[in-house]
Amino acid sequence: MFLAWQEKVFHTQLFLFEKSRFFASVISILSIYMKAINLPGLDKKWQSKWAKAKIYQTKDLSDKPKFYVLDMFPYPSGSAMHVGHCKGYIASDVVARMKMMQGYNVLHPMGWDAFGLPAENFAIKNKIHPAKAVAQNISKFKKQLELIGFTYDWAREINTTDPDYYKWTQWQFKKMFEAGLIRSIMDPVNYCPSCKTVLANEDVEDGKCERCSTLVQRKPIREWEILITKYAQRLLNDLDKLVGWEDSIKEMQRNWIGKSEGAEITFKIQPKGEIKIFTTRLDTIFGCTYCVVAPEHPIIQELKENISNDQEIQGYIEASKQKTDLERTDLAKEKTGVEIKGIKAVNPFNNQEVSVFVGDYVLGHYGTGAIMAVPAHDQRDFEFAQKHNLEIKEVIKNSNGETVLPFVLDGVLINSQEFSNLTSEQARTKMVELAVKKGFGQKTINYKMRDWVFARQRYWGEPIPLVYCQHCADAIKSGNYQKDQYSQGEINNPGWIAVPDKDLPIKLPNVKSYQPSGDGQSPLASIAKFVNTKCPKCKGKAIRETNTMPQWAGSCWYYLRYIDPKNKKSFVDINKEKYWSPVDLYIGGAEHATRHLLYARFWHKFLKDSQLVNYDEPFKRLQHVGLILGQDGQKMSKRWGNVIDPDDVVKQYGADALRVYEMFMGPFGDSIAWNTQGLVGAKRFLEKVVSIKGKTGAVADSKELVKMLHQTIDKISKDIQDFKFNTAISQLMIFANEAEKQEKITENTVLTFAKLLAPFAPHLAEEIWQEKRKGKFVSIFQEAWPKADPDILVDDEVDLIVQINGKVREIIKVDANISKDQALELVMQRETTKKWIGEGKPRNIIFVPKKLINIVF
RNA sequence: GCCGAAGUGGCGGAAUUGGCAUACGCGCACGACUCAAAAUCGUGUGAGCUUACGCUCGUGAGGGUUCAACUCCCUCCUUCGGCACCA
């Protein structure tokens, strides 16, 4: 078909030829004939050739240096990929291709994160089984990816829903359980009434479900929690090691972990008991005029009989339970609270008795769930005190004397007995010392990050490999068991027993109804055959855990599986892991900064502690992808009808044009609107390259062109490394423009240029390369990346900017090594200089070698 | 409220160890080719003034440092992202 089309063009031109205008027609025929490359037609041709020659197959181990480049793997949802999804994949492919040519053993894998709500909701909506839906979606996604011409080693493809894969997710979970890092809870947790499941703190945005925007409720449900907070300090400290991460992402993690240093102080309660409060402002403690406890605080139930207004208190607690998270944390809302009558708290620093309130602006899960209130120096306490007519006692003065309450900054202490006149900082140190000495307090660190609520009451996830055995529960609770009979996890969670390794994977059973039940149980709970089992310890009756793992489980370690995807004995061979880890470059969306990226770092640290991997951080360098918005500037989504399908683009313009355009749009991390005109520009550039290909035949190139070629080699190599793809392509365009102006150029220059173009436009580059080669197929990607010759890059002549009083007046060509005096002499003779200086006498001469001379008079 | 990133032509953007502002691309205008259109090629394209050579102004606003500021400092404004009753 391709040939037929060419022929037609040729005949049309012949007809014109007869009509006269000989020379014009000859040129026209030649140029059209040379340009007659159908760009989209190249895609299939080379993709199948590459696949046949297996040029992307990665060796497990090699003497070559390794380079592991990873994309955040997609979840194959119902809607196909749009051009925005491809952007990150194209970037990783560009880097992978350059690294291949630079002689690295490159690992560039792809797989599917297929468990979780998106896949399950799609399945429910379309009334097909999730497993079937996932299989369909994967094949659709894979086809889309293949059209674009990526270097994936498909032999390493993984799928988190494959039992051979999730066997190891379960196995690792079990390791964590045995290590005592997992506990069963029955606390109020985030619950989405629409998805009918519990959500992790990370899955809640503005009090709404991250997936469906339904208002999240708080509901007590039996749950599993991974004690990620035990790793909080290490997760925070090791951020400093991650020099290849973008600061913005690291900062997000810091915010999320939310470390704050302060003190925990014990207040005795009259008539009995005590509460602990957490404060970062111990220096203000003499200004404490009351205390507030969270509605969940145990003291309220403990001192029930001492509380004279118990009914009122219980009423308040009930009311606050009814509130959604959003209502409760609404900043604009007035702070409510009720005084707990009949009890008082005693400030250990001055033995003053103060009232105790219950108020839901104090959070049960943070710190100790109780605070000392210092209305003079805290905004919230100030508002609360004003409303309830409570004493406001000033204890911190601004150093300049002027202080408007509430004054929340550090200052100098007043009205604080022996601590008066100290600065806030000094006071905090001295006060902690005193508290420790007298035994009523200590230094404490708190984190905003909460433990990871890990189970979901849904069908489509990894089954949790635990069973419940009442017999073992009784034994553990009564202490009636042998040493080493139970693991730490089993002792911590009496009755919960881990399934033995030989029984893994616990396969997700096929069910007819996989819809969420909404009764706090997963659909698995209704399958008697699945639920009823034997206790692996005592062989008695036991029932299986029917909750499943959350979406994030499988993605916590997938990058390790690519290294050794077929291993039956272990999730990864430790020697292979040593060679390939850590991931050298990880590309994905910034929306994962506080979820996947934090979970995976935690998970990896646990594996390191268990001596199952070699390094304590999984990802050396991280680059976030900026969104591609719709042409209208809105987020690309079916809802707005602004989705651009890569398949259409590839069909019409070819994969190379899509790749070049997406890399050229702008800075890689920025969100930029799609513009089809820009795509046309990319295509024009590629056509220009085709026409340059036809210009070979020169014996030698001009010195200028050679120099420009070497500058281009230098710039492209650096820019790809630095993720500045847009300027790399701009440089390719600059070179192409220059080359096109030449009558003829050497074949060597064309081939070198093809190599530089290859990471971005692999199909066209291969076409150019192979056209000039004969014999056995060796891909351009098996050839060496060009090196810039430093001698050629050196300038012997430069443009010198001539400034008079700081304004540019002239640009002259001079010898690159011209001295200041020589330059001055030269410039002073010039008409332009004479004109501007006139009678003036130069007062100052600034000379920057190879750049400029500035004459100040 | 706190933290972070950013603000440059009609548009996407380039240039930050301070040294030609607007590279490259899109769009637009004019011209060539064409019966014509598209495609392609060529020229031009920040604003103002000027017959012209040129000159002045110009990187969100205002100030400052400097021979020289998109780049550094100060005070604001705006947009985006994250965190947020976290004591």
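Using the Watson-Crick or G-U wobble rule with both distances under 3.5 Å, G42(B) pairs with C30(B). The partner of C80(B) is G4(B), by the rule that a Watson-Crick or G-U pair needs both atom distances under 3.5 Å. Pairing partner, U59(B): none, since no Watson-Crick or wobble contact has both distances short of 3.5 Å. U22(B) is unpaired under the criterion used here, namely a Watson-Crick or G-U wobble arrangement in which both key atom distances are under 3.5 Å. C85(B) makes up no base pair with any nucleotide shown, lacking Watson-Crick or G-U wobble contacts both under 3.5 Å. Base pairing analysis places A14(B) opposite nothing; no Watson-Crick or G-U wobble pair with both distances below 3.5 Å involves it. The pairing partner recorded for C53(B) is none, the criterion being a Watson-Crick or G-U wobble arrangement whose two distances lie under 3.5 angstrom.
Nearest-nucleotide positions on RNA chain B for E261(A) and E251(A) put E251(A) closer to the 5' end. Between G678(A) and M449(A), the one whose closest nucleotide on RNA chain B sits nearer the 5' end is G678(A).
Computed from coordinates, the K250(A) NZ to A5(B) C1' distance equals 15 Å when rounded to whole Å. In this structure, CZ of F760(A) is placed 16 Å from P of G25(B), rounded to the nearest angstrom. Going from atom CH2 of W674(A) over to atom C1' of G27(B) covers 17 Å, rounded to whole Å. Counting to the nearest Å, the C1' atom of G82(B) and the CD atom of E210(A) are 15 Å from each other. Between the CD1 atom of I729(A) and the C1' atom of A23(B) there is a distance of 15 Å, rounded to whole Å. Whole-Å rounding puts the Q253(A) CD to G4(B) C1' distance at 14 Å. As rounded to whole Å, 14 Å separates atom C1' of A21(B) from atom NZ of K807(A).
One finds no salt bridge joining E704(A) and K707(A) here, because no Lys/Arg side-chain nitrogen approaches an Asp/Glu carboxylate oxygen to under 4.0 Å. A salt bridge between D722(A) and K715(A) is absent, with no side-chain N of the basic residue lying under 4.0 Å from a carboxylate O of the acidic one. Between R595(A) and E205(A), at least one side-chain N (NZ, or NE/NH1/NH2) sits under 4.0 Å from a carboxylate O, which counts as a salt bridge. R428(A) and D410(A) are joined by a salt bridge, as a carboxylate oxygen and a charged side-chain nitrogen come within less than 4.0 angstrom of each other.
Distance from the side chain of T280(A) is smallest for A87(B) among the nucleotides G4(B), A87(B), A84(B). When distances are taken from the side chain of K335(A) to each of C85(B), A87(B), A84(B), the shortest belongs to C85(B). You'll find that the side chain of I734(A) is closest to C24(B), out of C26(B), C3(B), C24(B). Among the nucleotides A87(B), C26(B), G54(B), the one closest to the side chain of F278(A) is A87(B).
Considering all non-hydrogen atoms of both residues, C291(A) and M372(A) come closest at SG-CA, 4.0 Å. For N642(A) against D632(A), the heavy-atom pair with the smallest separation is ND2-OD1, 3.0 Å.
Close to A87(B), at under 4.0 Å from its OP1 or OP2, lies no side-chain N or O of Y361(A). Within the 4.0 Å cut-off from OP1 or OP2 of A39(B), not a single side-chain nitrogen or oxygen of K683(A) is found. Residue R684(A) places at least one side-chain N or O under 4.0 Å from the OP1 or OP2 atom of C26(B).
The gap from the P atom of A32(B) to that of A38(B) amounts to 14 Å, rounded to the nearest Å. Separating the P atom of U16(B) from that of G7(B) is a span of 14 Å, rounded to the nearest Å. Of the C1' atoms belonging to G12(B) and C28(B), the separation is 16 Å, rounded to the nearest Å. A52(B) and U45(B) have their P atoms separated by 15 Å, given to the nearest Å. Taking atom C1' in both A69(B) and C73(B), the straight-line distance is 11 Å, to the nearest Å. Rounded to whole Å, the separation between the P atoms of G4(B) and C67(B) comes to 32 Å. A gap of 7 Å separates the C1' atoms of A61(B) and C77(B), to the nearest Å.
Side-chain atoms of H365(A) never come within 3.5 Å of backbone atoms of R450(A) as a donor-acceptor pair (strictly under, hydrogens ignored).
Contact annotation for N737(A): backbone-only contact, meaning every heavy-atom pair under 4.0 Å involves sugar-phosphate atoms and none involves a base. If you check every strand for non-hydrogen atoms under 4.0 Å, G681(A) touches sugar and phosphate atoms only. Backbone-only contact: W836(A) has heavy atoms under 4.0 Å from sugar-phosphate atoms and none from a base.
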Item to complete: Test Y661(A) against Y653(A) for ring-ring contact (aromatic ring centres under 6.0 Å, His included), laying out the working first.
Response: CA-CA 11 Å; Y661(A) 172 57; Y653(A) 299 89; 9.5 Å; no

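Judged by the 6.0 Å and 45° rule, K448(A) forms no cation-pi pair with Y366(A).
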Practice prompt. Sugar-phosphate atoms are those with a prime plus P, OP1 and OP2; base atoms are the rest. Using that split, label each nucleotide of nucleotides 13-20 of chain B B, S or - for protein heavy atoms under 4.0 Å, 5' to 3'.
Written response: SS----BB

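With N201(A) as reference, N190(A) is the one residue of N190(A), V453(A), T594(A) to meet the side chain to side chain contact (heavy atoms under 4.5 Å, CB included) rule.
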